[in-house]
Amino acid sequence: MKKIVWSQDLSVGVAEIDEQHRQWIQRLNDVAAAMAANLGPVQTAKTLAFLIDYTKLHFATEEKLMTERGYPGLPAQRAQHKELTATLQDLLRDFEEEGATQKLAETINTFLGNWLLKHIREEDLKFGAFLKAQPA
Ligand SMILES: [Fe+2]
Ligand SMILES: [Fe+2]
């Protein structure tokens, strides 16, 4: 698959969030690479579990910051975060039950990357703009 790369146009303007987005992309690429290289169930499940853990950490960081800043878009963010977390848990369960199927590989390669890029562009950047408009 085509590796996803973080680029400046994805910058939310908060160093911690940008760094987490970079890490998230790295972990997603690790999952895709593990599946592509047929690293085997244990190793691949491990990369997926790392991705899930990191996703939770990242969403918690964002939601905490949004709460602190009184961001009005928090409910929409929370809903999307919750949905993706559930999707990831389903993916891990599917993987544990069925192994690295074509469908799973496609979901990981296209859906997750697209979801992230769309979410950053449409939701996280809005939060960045909100913060910039606010006195620190
Ligand atoms: Fe984010
Ligand atoms: Fe977010």
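These numbers come from the heavy atoms of this one structure, side chains and all, not from hydrogens, waters or symmetry mates. Every number for a ligand or one of its atoms is a count from 1 in the order of the listing. Bear in mind that the values here come from a model prediction, so they are computed numbers and not experimental data.
Electrostatic pairing of Arg22 and Glu19 counts as a salt bridge here, judged by a charged N lying under 4.0 Å from a carboxylate O. Using a 4.0 Å cut-off between charged side-chain N and carboxylate O, Lys56 and Asp53 make no salt bridge. One finds no salt bridge joining Lys126 and Glu122 here, because no Lys/Arg side-chain nitrogen approaches an Asp/Glu carboxylate oxygen to under 4.0 Å.
Sorting the N, O or S atoms of Glu62 by how far they are from the Fe ion (ligand 1) puts OE2 first.
Look at His119 and the Fe ion (ligand 1): no N/O/S atom of the residue is under 2.8 Å from the metal. The Fe ion (ligand 2) has an N, O or S atom of His81 closer than 2.8 Å. One of the N, O or S atoms belonging to Gln77 lies under 2.8 Å away from the Fe ion (ligand 2). Residue contact annotation: Asp124 places an N/O/S atom under 2.8 Å from the Fe ion (ligand 1).
With hydrogens and angles left out, the side-chain atoms of Glu16 and Thr61 include no donor and acceptor closer than 3.5 Å.
Ring orientation note: the planes of Phe59 and His81 are close to parallel, at an angle under 30° on the 30°/60° scale.
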